Amino acid sequence: MTIALPAVLDTPAAAPLRQTLRDAVGTGQPIQIDASGVERIGQACLQVLAAAEAAAEEAGQDFRIVGASPVFADMATLAALDTLIAA
């Protein structure tokens, strides 16, 4: 299952992102997050991604971030989520 992130992941985007990821976790399918179009991301959405990764791991699902934009990659590094970004 691939989930494309929107360009702007600010605080108002956190709740819809959380619901989308919550729905994906537990389906048994690997989860790929396409971060290629991200132009701005805030702490709230980074926390949502971290929580989803932990939940997916607990459920035995693969969780990867692919195509990270430079902005996303920089912020993921700051939040210690860079290990999830596929090479």
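A quick note: this is a predicted structure, and the numbers were derived from the prediction, not measured. Index from 1, following the sequence.
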Query raised in the report: Taking atom OG of S69 and atom CZ of R40, what is their separation to the nearest 0.5 Å?
Result: 12.5 Å
Query - Within-4.5 Å side-chain heavy-atom neighbours: Q61 and V25 - result: yes
Query raised in the report: Do R64 and D62 have side-chain heavy atoms sitting under 4.5 Å apart?
Result: yes
Query - side-chain contact (heavy atoms from CB on, under 4.5 Å) evaluation trace for I3 with M1 - result: CA-CA 7 Å; I3 298 168; M1 164 181 304; 4.2 Å; yes
Report task. Identify which one of D10, L49, V8, L5 satisfies the side chain to side chain contact (heavy atoms under 4.5 Å, CB included) criterion when paired with I41. Result -> L49
Report task. Please report the shortest heavy-atom distance between C45 and A13, naming the atom on each side. Result -> SG-C, 4.0 Å
Query raised in the report: Any idea which heavy atoms bring V38 and P6 closest together, and the distance?
Result: CG2-O, 3.7 Å
Query raised in the report: Under the side-chain contact (heavy atoms from CB on, under 4.5 Å) criterion, do L46 and M75 qualify, and how do the steps go?
Result: CA-CA 8 Å; L46 287 169; M75 292 303 291; 4.1 Å; yes
Query raised in the report: Are any of the side-chain heavy atoms of T77 and F72 separated by less than 4.5 Å?
Result: no
Query raised in the report: Would V71 end up clustered with I65 when hydrophobic side chains under 4.5 Å apart are linked, directly or stepwise?
Result: no
Enumerate donor-acceptor pairs with a distance under 3.5 Å from any side-chain N or O in residues 28-35 to protein atoms, sequence neighbours excluded.
unit_1	atom_1	unit_2	atom_2	d
D34	OD1	S36	N	2.9
D34	OD1	S36	OG	2.7

